[in-house]
Amino acid sequence: MDRFAEVDDQYDPHTVQERIFSYWDDVDAYEKTKDHRADGEDFFFVDGPPYTSGAAHMGTTWNKTLKDLYIRYHRMLGYDVTDRPGYDMHGLPIETKVEEKLGFENKKDIEEYGEENFIEECKAFAEEQLDGLQEDFKSFGVWMDWDDPYKTVTPEYMEAAWWGFQRAHERGLVEQGQRSISQCPRCETAIANNEVEYEDVSDPSIYVKFPLKDRDGHLVIWTTTPWTIPANTFVAVDEDLSYQGVRATKDGEEEVLYVAEECVEDVLSTGRYEDYEVVDEVSGEEMVGWEYDHPLREEVPDAPSGEGTCQVYTADYVEADRTGLVHSAPGHGEEDFERGDELGLDIFCPVGGDGVYGDSAGTYAGEFVKDADDDIIADLEAKGLMLHSGTTHHSYGHCWRCDTGIIQIVTDQWFITITDIKDELLDNIEDSEWHPQWARDNRFRDFVEDAPDWNVSRQRYWGIPIPIWKPEDWDGDVEDTIAIGDREELAERVDQDVDPESVDIHKGTVDDLTITEGGTTYTRVDDVFDVWLDSSVATWGTLNYPSETEAFDELWPADLIMEAHDQTRGWFWSQLGMGSAAMGEVPYKEVLMHGWALAEDGRKMSKSLGNIVAPEEAIDRHGADAMRLFLLAQTSQGDDMRFSWDEMAEMQRRLNILWNVFRFPLPYMRMDGYDPEETTVEDVADDLELVDEWVLSRLQTVKDEMGTHLENFEQDKGLEALLEFVVEDVSRFYVQVVRERMWEEEDSPSKQAAYATLYTVLEETVALLAPYAPFVSEEIYQTLTGDAGFDTVHMCDWPEPDQQFWKQGLEGDVEVVRAVEEAGSNARQQAERKLRWPVKRVVVDVGSEDGSDLAGTVEVRADLIADRLNAREVQVVPAEEDWGELTYSAEADMSLLGPAFGDDAGRVMNALNEARVGEASIDALEAAVSDELGEAVELDAEMVEFVRHTPDGVAGTAFEALDGEGVVYVDTTLTEDIESEGYAREVIRRVQEMRKDLDLDMDARIRLELDVSDDRIADLVREHEDLIREEVRAEEFGNVENGHRKTWEVEGVEMEIAVETVAAAEA
RNA sequence: GGGCCAAUAGCUCAGUUAGGUUGAGCGCUCGGCUGAUAACCGGGAGGUCCGCGGUUCAAAUCCGCGUUGGCCCA
């Protein structure tokens, strides 16, 4: 790009974006930036891999934008940043999508299609999704290593998981065993607790009577899952709760029912009993050991009947709710399982992975469990064991992918027994620093403390095969199994011929491999890993460890990871668990936990609510830079973000202000041939004017603030500081002040100083902005630096404050000037005097200073204030003095004056209201009133309220600055001299407007004809002919024949103005 | 049902760490500027600080109980 080239009048994000994309391409900007930092200190960032199903949504966009910001920022700090993106590509969600695509209904369809074929389909699908995601991420300017992402489906990544798992196996943290798990009967696999989605459903609500064996009566239990009753093994009570046996009457028949005392009334009315009497009262503890008959013994002959079954036990999950007695089936419920295990009871689960009863379920065999509910209810009713059967609404778990109701069953699963190293995990947490800190100390710690063993096995296809080979007739001792750590080891130990270089280690390949050692043949277990295990090894998987070791030895563990708060239980956790199990430490040092992107209505974005905003739409409307700024203006510290089109539009507007600031000096710099290398701010240090020094100092402050904010991961505060500097300081103040210097036709040291200042401000501003808004920053940087700068702004060093230009006292001074200016403009507005018209004088009456030298500052900066307020003179009244020209009147409070003066009150009031005094004191007022009335009057301070009066033509407005305060008075009294300049300026403005109508070049010369209807005004205007001539570039005054002619009314005076270019006149 | 987080102007958010008269930007409205100009600048109006209770001389801020939203867990 040519230096100081002409740029678009308006900031158009899309043309900028397109131009920069192709520019980056042309100069290999990304590669050059990385090379530029290749020798820097390492910074190991690890990308949390998004799941490859569907396009990037606003949440992912926010996440990647944050990552991009901090990666760019660290590069500017000099680090050699690891930026390999990752994709999580295995797992059930992709399997179900592919099943849908192929029209499959269950596992049998997959088996028929062939495992290997199915895996290929899954891989192709995931790759396709990956391409879409990459394009999305590139579209808003994320710079990561798109040519070499890590994928959880490649052999070198998969073996990272094998390796980690092998380490855990070696430490004795791998176990196989029965567990109660959530099973999706459609997907026929266990699903993780965090994959269970709860929905409100209607279910049976039954109260069942279990006949007691050695005594009269029944235990009454309540359940919403009749299908679990065949597996009933015991009934649980709370040991401290008080239970009652009640003799209840219904339809003339009596029976004894045992329920918790607190539940008696409710249970009996639910069962429509007419009357009851308490016949027994026992504690839960006393009931332990009571035996009962299994309610479905005839239907399910295999139902639990062994040692210790069908008895009452205590359990801590019992509450005095419903009946206070809990039907417990260790073959199903998780808590039941744990208690049953503790009690040493046999586990009975008559249900298969597909949710269908097996042969052990007796008459229910072959039925799907939920379908069997009705039969079971009918059977219980027929046997007279149903106390009440109804329905209830409650939340019930469903499979997150296919929405099928989950069932709890007990199956064989593989676990990493992280409960064995719970203390180690809790210690390791301390080694990571989190932003915000509460995320670690509250949320994460709570979760880790309660976390159960990690079930890592899934009975599916599209995943990393569990690398365990077990011997024939295995007795369940994990020590007798073989865990393979990588492809090399696989090739060495298996019986078949395997090429470690080319082997794909998905299920289709490894299932048939066997190992024979010590005369025993080992076969692989069928399962694949839970997909959460895949990403848990990302910190070494992304470095291709263990197949490559160099990068790992240098970099591991990760310096930084950043994800949304749902990952507390996801990736943050899985990495801690796997890192601790395999490495004995937490694999990341620093965590940034951001929030979720909510829709404009404050709800989460979802299809069903129809409130989704796609990133493409945002880019379409406002451009990638504005979208990024919007996202980065949100706090990244755990809070959710509320999407807002208005705010995004506002960001575009602010970029437009930057654009205007940027393009304003370009024509002048071009005309004067300004050379930034020849004339730096250091070179012109002696010629810098106050505002130059000031804006340079502000720049140092902003650099300092941004550095601090970004270090604290408060990029929102950093952005705010930068944009405020651009809008408030540079645009609203500096450019306003400096414009006149640039308009000067002659080159001058002052002008060079202004160029150097503005150039420096702009160049450093876009460097600061570059990590946030990479496109517009690049465009501005390239236009400013041309061939003299880096190929890309992203190669720049992060700007650091320069003490030479950092003058905080000066910043304070200008703060005062601006406060005075603001109050002065306000006063002008009150007096209805436009800024174009000079005012005779401005009086700054300092009220209090409170340690700061407010009066002194105003005095020193009087010229600047005069300039800003277009005042002929600035007077300062110090804090200890009053401005002599003020007068005060008083308003009487008649409720106090009346009683005090009785009949004289009226006279006193009139005198009071008319009095004018030079100071707002009760003594002065008394004197004035006494004088008026000719007699002494004693007044009380409470009786009056003083009102300040300014002289005619003067308006005042209060201001505050630097812990002090005061009032700015503007004297708008007209003099001929002022009128003369005022009218002249009115003429100038109108001529300028007409030049614009004609679309004249800035340096075009004109002939001007001026006809003012009022003679006096015409004379006044003539006095400033030279000023007019210069300002509007008029070669001459005279008759205009074919020019642009217009009649204006200026302050009630008619003026006819005509303009033509000199060239046109000559032609 | 439990844990964590949030609720402040019409909108988006500061202010809560450490109690002391709630601020900004946008929007609205009134004005100004007119060589950055389909830009820019100034003034004004606008608040039950989610509700209720408590602690305190004093609560947006601390505590308790709710309501609504978000994440996670059951």
Side-chain angles (χ1 to χ4, degrees), chain A residues 7 9-11 182 193-194 196 198 317 319 321 333-335 394-397 436-447 449-452 564-570 572-573 593 595-604 630 633-635 637-651 653-654 656-668 716-717 720 723-724 727-728 731-733 735-736 738-740 742-743 821-830 832-836 957 985 988-996 1000-1004 1031-1033:
Chain A
V7 300
D9 279 358
Q10 254 207 308
Y11 165 59
S182 298
N193 287 334
N194 55 15
V196 176
Y198 289 82
Y317 52 79
E319 281 171 33
D321 182 45
E334 195 174 333
E335 289 174 316
H394 65 150
S395 78
Y396 188 80
Q437 212 197 320
W438 56 256
R440 184 190 81 177
D441 294 343
N442 300 342
R443 195 178 249 256
F444 195 48
R445 176 167 290 278
D446 284 356
F447 179 74
E449 274 171 359
D450 294 341
H565 46 42
D566 56 323
Q567 297 301 331
T568 314
R569 272 75 169 164
F572 299 153
W573 157 245
M593 187 192 87
W596 270 34
L598 305 183
E600 288 204 279
D601 57 8
R603 312 294 298 257
K604 70 169 160 189
F630 165 73
Q634 312 295 320
T635 176
Q637 308 264 328
D639 278 353
D640 290 335
M641 166 251 286
R642 180 88 67 106
F643 186 83
S644 164
W645 284 117
D646 285 353
E647 294 301 309
M648 203 177 289
E650 170 62 12
M651 284 302 167
R653 197 184 69 88
R654 298 224 203 162
N656 191 38
I657 293 176
L658 173 67
W659 187 265
N660 282 326
V661 169
F662 148 66
R663 90 192 168 86
F664 151 72
L666 294 181
Y668 306 103
D716 52 321
K717 294 196 166 104
E720 188 53 39
L723 291 179
E724 197 181 296
V727 174
E728 294 283 335
S731 172
R732 287 187 191 168
F733 197 75
V735 168
Q736 300 301 325
V738 89
R739 279 195 301 180
E740 285 190 38
M742 302 228 173
W743 296 339
E821 182 196 342
E822 203 173 297
S825 321
N826 190 330
R828 263 180 169 276
Q829 199 166 329
Q830 280 177 41
E832 297 185 329
R833 181 57 35 88
K834 298 173 193 168
L835 190 58
R836 223 182 278 139
T957 298
R985 297 232 174 253
I988 290 167
R989 175 178 105 55
R990 281 162 180 84
V991 175
Q992 301 289 27
E993 195 167 324
M994 291 173 70
R995 284 183 61 116
K996 190 172 153 51
L1000 294 188
D1001 280 346
M1002 224 162 63
D1003 48 1
E1031 293 279 319
V1032 304
R1033 304 202 172 175

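In what follows, every chain begins at residue 1, and chains take the letters A, B, ... in the order their sequences are listed.
The side chain of A:Arg443 approaches B:G3 more closely than any other nucleotide in the set B:G3, B:C26, B:C73. Of the candidates B:C72, B:G70, B:A39, the closest approach to any side-chain atom of A:Asp640 belongs to B:G70. Closest to the side chain of A:Leu598, out of B:A36, B:C72, B:G70, is B:G70. Checking B:C72, B:G15, B:A39 against the side-chain heavy atoms of A:Lys717 singles out B:G15 as nearest. Distance from the side chain of A:Ser644 is smallest to B:C11 among B:C73, B:C11, B:C41. Across B:A6, B:C41, B:C72, the shortest atom-to-atom separation from the side chain of A:Asp639 is found for B:A6. Closest approach to the A:Val661 side chain among B:A36, B:C5, B:G70 is made by B:A36 (side chain taken as heavy atoms from C-beta onward). Between B:G3, B:G70, B:A36, one nucleotide has an atom nearer to the side chain of A:Asp446 than all others, and that is B:G3. The side chain of A:Trp596 has B:C72 as its nearest neighbour among B:A6, B:G25, B:C72.
Applying the Watson-Crick and G-U wobble criteria (two distances, each under 3.5 Å), B:C40 pairs with B:G32. Base pairing annotation: B:C49 forms no Watson-Crick or G-U wobble pair, as no partner gives both donor-acceptor distances under 3.5 Å. For B:C11, the paired base is B:G25 (Watson-Crick or G-U wobble, both distances below 3.5 Å). Nucleotide B:G20 forms a Watson-Crick or G-U wobble pair with B:C57, both donor-acceptor distances falling under 3.5 Å. Across every strand in view, B:U68 sits in a pair with B:A6 that passes the Watson-Crick or G-U test at under 3.5 angstrom.
When the P atom of B:G3 is taken as reference, atom CG of A:Asp566 falls 21 Å away, rounded to whole Å. Straight-line distance from the CD atom of A:Glu728 to the P atom of B:C41: 8 Å, rounded to whole Å. A straight line from CZ of A:Phe664 to P of B:C40 spans 15 Å, rounded to a whole angstrom. The distance between atom CG of A:Leu666 and atom P of B:A39, rounded to the nearest whole Å, is 20 Å. Nucleotide B:C4 holds its C1' atom 9 Å from the CE atom of A:Met593, rounded to whole Å. Distance A:Asn660 CG to B:U34 P: 17 Å, rounded to the nearest Å. Residue A:Gln637 contributes atom CD, which lies 16 Å from atom P of B:C13 at whole-angstrom precision. Spacing between atom CD of A:Glu720 and atom P of B:A24 amounts to 13 Å, rounded to whole angstrom units.
Between A:Arg739 and A:Glu600, the one whose closest nucleotide on RNA chain B sits nearer the 5' end is A:Glu600. For the pair A:Ile657 and A:Asn442, both in contact range of RNA chain B, the more 5′-proximal nearest nucleotide belongs to A:Asn442.
For B:G25, neither phosphate oxygen OP1 nor OP2 lies less than 4.0 angstrom from any side-chain nitrogen or oxygen of A:Arg653. A:Arg642 has no side-chain polar atom (N or O) that falls below the 4.0 Å cut-off from OP1 or OP2 of B:C11. One finds a side-chain N or O of A:Arg732 lying less than 4.0 angstrom from the OP1 or OP2 phosphate oxygen of B:G42. A close approach under 4.0 Å does occur between a side-chain nitrogen or oxygen of A:Lys604 and OP1 or OP2 of B:C71.
Only the P atoms considered, B:G2 is 28 Å distant from B:C13, to the nearest whole Å. Only the C1' atoms considered, B:G10 is 22 Å distant from B:U67, to the nearest whole Å. Taking atom C1' in both B:G15 and B:C30, the straight-line distance is 30 Å, to the nearest Å. Rounded to whole Å, the C1' atom of B:A24 lies 14 Å from the corresponding atom of B:G46. With both ends at atom C1', the span from B:A7 to B:G66 equals 14 Å, rounded to whole Å. Of the C1' atoms belonging to B:U56 and B:U61, the separation is 13 Å, rounded to the nearest Å. When the C1' atom is compared between B:C57 and B:G19, the two are found 12 Å apart, to the nearest whole Å. With C1' as the reference atom, B:A59 and B:U16 are 11 Å apart, rounded to whole Å.
A:Asp640 places no side-chain N or O within 3.5 Å of a backbone atom of A:Gly595 that could act as its donor or acceptor partner. Judged by distance alone, the side chain of A:Gln634 and the main-chain N or O of A:Phe630 form a donor-acceptor pair under 3.5 Å.
Ionic pairing of A:Arg653 and A:Glu650 is present here: one or more N-O contacts between side-chain nitrogen and carboxylate oxygen are shorter than 4.0 angstrom.
Among the heavy atoms of the strands lying under 4.0 Å from A:Gln736 is at least one base atom, whether or not backbone atoms are also near. Backbone-only engagement by A:Trp438 is indicated by non-hydrogen atom pairs under 4.0 Å involving sugar-phosphate atoms exclusively.
Closest approach of A:Ser731 to A:Val735, counting heavy atoms only: O-CB, 3.8 Å. When all heavy atoms of A:Arg642 and A:Glu600 are compared, the closest pair comes out as NH1-O, 3.5 Å.
For A:Glu647 against B:G25, a side-chain-to-base donor-acceptor contact under 3.5 Å is present. For A:Arg569 against B:C71, a side-chain-to-base donor-acceptor contact under 3.5 Å is absent.
Here CD of A:Gln437 is found 11.0 Å from CD of A:Gln637. Values are rounded to the nearest 0.5 Å.
Residues A:Tyr668 and A:Arg739 form no side-chain contact, since every pair of their non-hydrogen atoms from C-beta on lies 4.5 Å or further apart.
Remark: of the listed residues A:Arg440, A:Arg443, A:Met593, A:His565, A:Met593 is the sole one forming a side chain to side chain contact (heavy atoms under 4.5 Å, CB included) with A:Phe572.
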